[in-house]
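Chain A is the first sequence line, chain B the second, and so forth, proteins listed ahead of strands; every chain is numbered from 1.
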Amino acid sequence: MVYRGCILKIEEDFAIVLTDQGQYLKIIKKEDLVVGKKIIFVKEDIYKDRRVTIKNIGLIAAVFITMILSITGIGKFHIVEPMRVAAVVSIDINPSIEFEINEKKKVLHVGALNMDGEELIDQTFIGMSIEEAVLLVINNAKQKHYITKEKNTVLIATAAVENHFKEKSDKLQKEIEQKMKDDQKLKELNLIYVQGNKKDLKEAKKQKISIGKYQVYKQSKEKEQKITLEQVKNMKVQEMVDKGIGKLKGKKIKTKIKEKVEDKIKKQQETTKEEKKEAIKQDRENKSKNIIENKEKKKKAVQIKNKAKIDEIENKQEEKKEKITFNQENKKERLENKKERLENKKDIEKEKREIIEENKKEQKKEKVEMKKMNNEENNKKVTKKLKENRKTEPKNTKETRNTKPYKENLKKAKKD
Amino acid sequence: MARLLNFFQINSLTAKIEKIKKGDTAEREKMIEDYIPFIIKTVSDKLNKYIESENSEEFSVGIEAFNEVIDKYEASRGSFIGFAEIVIKNRVTDYLRKNSKHRKNIPISQFEEDENGKLQKHFAVEDFTESFAMKTEIQELEDVLKDFKITFYDLVQEAPKHMDTRANGIRIAKYISESKELKEELFRKKSLPSKKLINALDSTAKILKRSRKFIIATVIILDRDLEKLRNYIESTKGGAEGGL
C-alpha cells in the first residue's frame with residue numbers, strides 16, 4: 001500500500017504526516033524532510049512507537065525481579081516453585097529409591113538405585129509431596145510383594161543438602177510417620193529412620209548406594225562389625241534387621257489411635273515396671289555383690305594380716321639368727337682382730353725397742369763424737385780468741401777514728 | 001502446506017514472467033503496478049530520502065530498473081525479490097553518481113548563462129515559495145490547534161483509524177464549517193456543539209467524542225484560508241468520500 005502525505009511537523013525521532021486519506025501518521029525520519037513537503041511512502045516507513053508505558057515498566061520490573069530471585073535464590077517469596085534440591089530422601093525395602101525434594105517438600109527428581117527400584121517409580125512422582133510419594137512407593141512395593149508379613153521393614157533416610165533444611169528433617173520424619181499411621185493398609189510396618197548429612201550423601205552417591213544403606217554401613221563400622229560396603233549394598237533391609245547390623249531396631253506401627261494410646265500407656269507402664277524391677281534387681285545385686293565383696297575383702301585382709309604376722313615373726317627369727325650369727329662372727333672377728341692387734345703390738349714394741357736401742361747407741365756415739373769435736377773446737381776457739389784479743393785491742397782504737405781504717409783498706413785493695 | 005503454497009506462488013510468478021517475456025504488455029504493466037510499493041521502498045531506502053512524487057526522477061529510475069529485472073530474471077538467479085532489490089539499488093546508485101558528476105562539472109559562470117539552469121532555478125524558486133506557503137499554513141494550523149489544546153501528536157494518537165469513521169468526521173467538519181452559527185460556537189466554547197450536531201446529523205455522542213480532535217482540526221483546515229492544505233484535502237480520496 002502506498003501512502004501519499006504532507007509533512008506537518010518534524011520531531012526528534014519521527015515526522016508527522018497528513019495523508020491523502022485524512023490520516024495523521026508518524027513516519028520514520030529520512031534526509032531532506034521539510035514541513036509542507038508532499039511525499040510518497042510505504043507501510044514500512046510508518047514509525048512504530050517504542051514508548052515506555054507504565055504497563056511496560058511493570059513487565060520489565062517483573063522480569064528483573066524474577067531473574068534476580070532465580071539467580072540469587074532469595075526464595076523466601078516463593079513466587080515460582082523453588083527448583084533447588086533441599087534434601088534427599090531415600091527408601092530401602094529391597095528396592096532402593098531416592099527422592100530429591102525442594103524446600104516445600106515437593107519431589108523434584110526420582111531415581112532408582114537398583115533394578116527392583118525401577119519397577120516402583122515413574123515420572124508421575126515429580127511434583128508430589130514427599131509424604132505422598134513415600135506412601136505410594138510403599139503401596140507399590142506391597143502390590144509387588146516386596147513387602148509381606150515377614151518382610152515388613154522399610155528403611156527411610158533423610159539427608160539435608162541445604163543447611164537450613166536440617167531443622168526441618170526431623171519434622172519431615174514425623175510427618176512421614178504420621179502419614180504411615182493414618183493409612184489403614186500399612187499395618188505392622190517396621191519403619192526405620194536414619195538421618196545423614198551432606199558429606200554422607202556425597203559419599204553415598206559416589207558408591208551408588210542409598211543414603212539409608214550408607215548410614216547403616218557407617219553404624220556397623222562404628223560397632224566394628226565386619227561388613228563391606230558391597231555386602232550392605234546387596235543386602236535386603238530385612239536381612240540387615242535380622243542380623244542386627246548397625247543400630248537397626250524396628251518400630252512397630254499400629255493403626256488405630258486408641259491402640260496407639262493404649263500401647264503407649266502399656267509401654268510406659270511396662271517400661272516403668274521393668275525399670276523398677278531392674279532397679280530393684282540391680283539394687284539387690286549390688287547389695288549382694290557388696291556383701292560378698294566385703295567378706296572377701298575381710299578375708300583377704302585377715303589373710304593378709306596373718307601372712308604379714310607370720311612373715312614378721314619369721315623375719316624377726318631370721319633377723320635374730322642372723323644377728324646372733326653376725327654377732328658371733330663379729331666376736332670371732334674381733335677376737336682375731338685383737339690377737340692380730342696384740343701380735344702387731346708385740347711386733348711394734350719389739351721394733352720400737354730395737355729402734356730405741358739403736359737410736360740410743362747412735363745417739364751415744366754421736367754424743368761422744370760431738371763432745372770430742374766440741375772440746376777440740378772449744379780449745380781452738382779459746383786459743384784463737386786469745387790471739388785475736390791481743391791483736392784487736394789496738395785496732396779497735398784506730399777504728400774509733402772512723403775514716404783512717406777505711407782509707408787504709410782502700411790502699412790495701414789498690415796494692416792487691 | 002506453506003511450503004507447497006510457496007512452491008505454487010513461485011511457479012505462478014515464473015509463469016507470469018514467462019508470459020511477459022513473450023510480449024504480454026498488459027501483464028507487464030499490471031505486474032509493475034503490483035510492485036510499486038516495493039519499488040518505492042527500495043528506492044527510498046537507497047536514497048535515505050522520501051520520494052516526493054510519482055514524477056520524480058529517482059522513482060522513474062526505480063521503475064525502469066524493475067522493468068529490466070523482469071526481462072533479465074531467471075529462476076536460477078535466486079529469489080525474484082532479492083534479485084530485483086539488488087538491481088534497483090544498483091541502478092539508483094548509477095543514477096546518483098551520474099547526477100553528482102554532472103553537477104560538479106558545471107562551473108558557476110556557465111550556470112548563469114545556461115538556459116536550462118535558469119529554468120531550474122526558476123522552478124526551484126517557485127517550488128520554494130510554494131513550500132514556504134505550505135509551511136506557513138501548517139504553522140498557522142498548529143497555532144490555532146494550540147488554542148484548542150490539540151497537538152499534531154494528539155491527532156496521530158486519537159484520529160480515527162478507519163477510513164469510514166474518518167469520512168464521517170470530515171462530513172461533520174464540513175457541516176460545521178458551512179454553518180456560521182456552529183462555527184462561532186465552536187471557536188467561542190473551544191468545544192464541539194454536540195447536541196446540535198447529534199440532532200442535525202443523527203450521529204452519536206460516541207463518535208463525536210472519539211473523533212473530537214480530528215473534527216476540530218478538519219474544521220480549522222476547511223474554514224481558515226489555509227488554501228493549500230484545503231486543496232490538498234479536497235483533492236484526496238478521504239476528502240472525496242467525505243463529500244468535499
Side-chain angles (χ1 to χ4, degrees), chain A residues 1-68 79 123, chain B residues 36-45 47-54 56 59 127-128 130-139 141-142 151-163 165-167 169-170 173 213-214 217-218 221 228-229 232-233 235-242:
Chain A
M1 190 174 168
V2 181
Y3 297 86
R4 276 149 239 265
C6 174
I7 298 164
L8 293 180
K9 202 179 181 189
I10 299 160
E11 298 274 338
E12 217 167 287
D13 301 334
F14 54 86
I16 295 171
V17 175
L18 175 61
T19 67
D20 58 354
Q21 311 266 314
Q23 271 175 303
Y24 294 88
L25 290 176
K26 284 184 202 169
I27 55 167
I28 53 175
K29 271 174 90 171
K30 286 185 182 178
E31 282 172 31
D32 286 352
L33 278 181
V34 184
V35 172
K37 207 180 197 178
K38 284 166 196 163
I39 56 160
I40 301 167
F41 59 95
V42 288
K43 212 179 172 185
E44 282 86 348
D45 294 325
I46 293 169
Y47 181 83
K48 281 165 200 112
D49 263 330
R50 272 183 231 105
R51 282 184 307 145
V52 184
T53 59
I54 296 163
K55 212 176 172 183
N56 285 341
I57 291 169
L59 264 171
I60 291 160
V63 168
F64 263 101
I65 288 165
T66 47
M67 271 175 71
I68 290 162
I79 298 163
Q123 293 306 309
Chain B
I36 274 177
F38 166 73
I39 297 163
I40 289 169
K41 188 185 172 291
T42 32
V43 171
S44 96
D45 273 359
L47 293 170
N48 196 21
K49 206 194 277 184
Y50 286 108
I51 292 164
E52 284 173 38
S53 74
E54 258 119 4
S56 75
F59 183 61
D127 199 45
F128 175 76
E130 195 183 351
S131 74
F132 184 76
M134 194 73 163
K135 212 173 174 178
T136 48
E137 277 179 23
I138 289 165
Q139 193 59 47
L141 173 66
E142 200 177 355
T151 63
F152 286 132
Y153 190 77
D154 293 333
L155 287 170
V156 173
Q157 296 297 313
E158 291 183 25
K161 301 282 181 290
H162 276 278
M163 192 65 227
T165 39
R166 274 206 304 279
I170 291 169
K213 285 175 183 172
F214 178 73
T218 318
I221 292 166
K228 300 278 177 195
L229 262 179
Y232 183 71
I233 283 189
S235 67
T236 56
K237 241 197 222 165
E241 272 184 42

Under the criterion side-chain contact (heavy atoms from CB on, under 4.5 Å), I'd like the reasoning laid out for I138(B) against C6(A): C-alpha separation, chi angles, the key distance, then a yes or no. CA-CA 10 Å; I138(B) 289 165; C6(A) 174; 4.1 Å; yes
Give the ring-plane orientation class for Y153(B) versus F14(A), where under 30° counts as parallel, over 60° as perpendicular and anything between as tilted. tilted
Any side-chain heavy-atom pair from V2(A) and I40(B) closer than 4.5 angstrom? yes
Among F152(B), F59(B), F38(B), which residue has the highest count of heavy-atom pairs closer than 4.5 Å to chain A? F152(B)
Got a second to check how far K26(A)'s NZ is from L155(B)'s CG, nearest 0.5 Å? 12.0 Å
Quick one: do D45(B) and K30(A) make a salt bridge, cutoff under 4.0 Å? yes
What I'd like to find out is whether the side chain of I28(A) reaches to under 4.5 Å of the side chain of Y50(B), using heavy atoms alone. yes
Determine whether I39(A) and I51(B) make a side-chain contact, defined as any pair of heavy atoms from C-beta on separated by less than 4.5 Å. no
Rounded to the nearest 0.5 Å, what separates atom CG in L8(A) from atom CD in Q139(B)? 11.0 Å
If you measure from OG on S44(B) to CD on E31(A), what distance do you get to the nearest 0.5 Å? 11.0 Å
Which atoms of L25(A) are under 4.5 Å from chain B, going by heavy atoms: the side chain, the backbone, both sets, or neither? backbone
Say you draw a straight line from CZ of R166(B) to OH of Y24(A); how long is it, rounded to the nearest 0.5 Å? 10.5 Å
First locate atom CD of Q23(A), then atom NZ of K161(B), and finally report the distance between them rounded to the nearest 0.5 Å. 8.0 Å
Non-neighbouring partners of S56(B) that pass side-chain hydrogen bond (donor to acceptor under 3.5 Å, both in side chains), sequence neighbours left out: none
Residue list, salt bridge (Lys or Arg N to Asp or Glu O under 4.0 Å) with K9(A), at least two apart or on another chain: E11(A), E142(B)
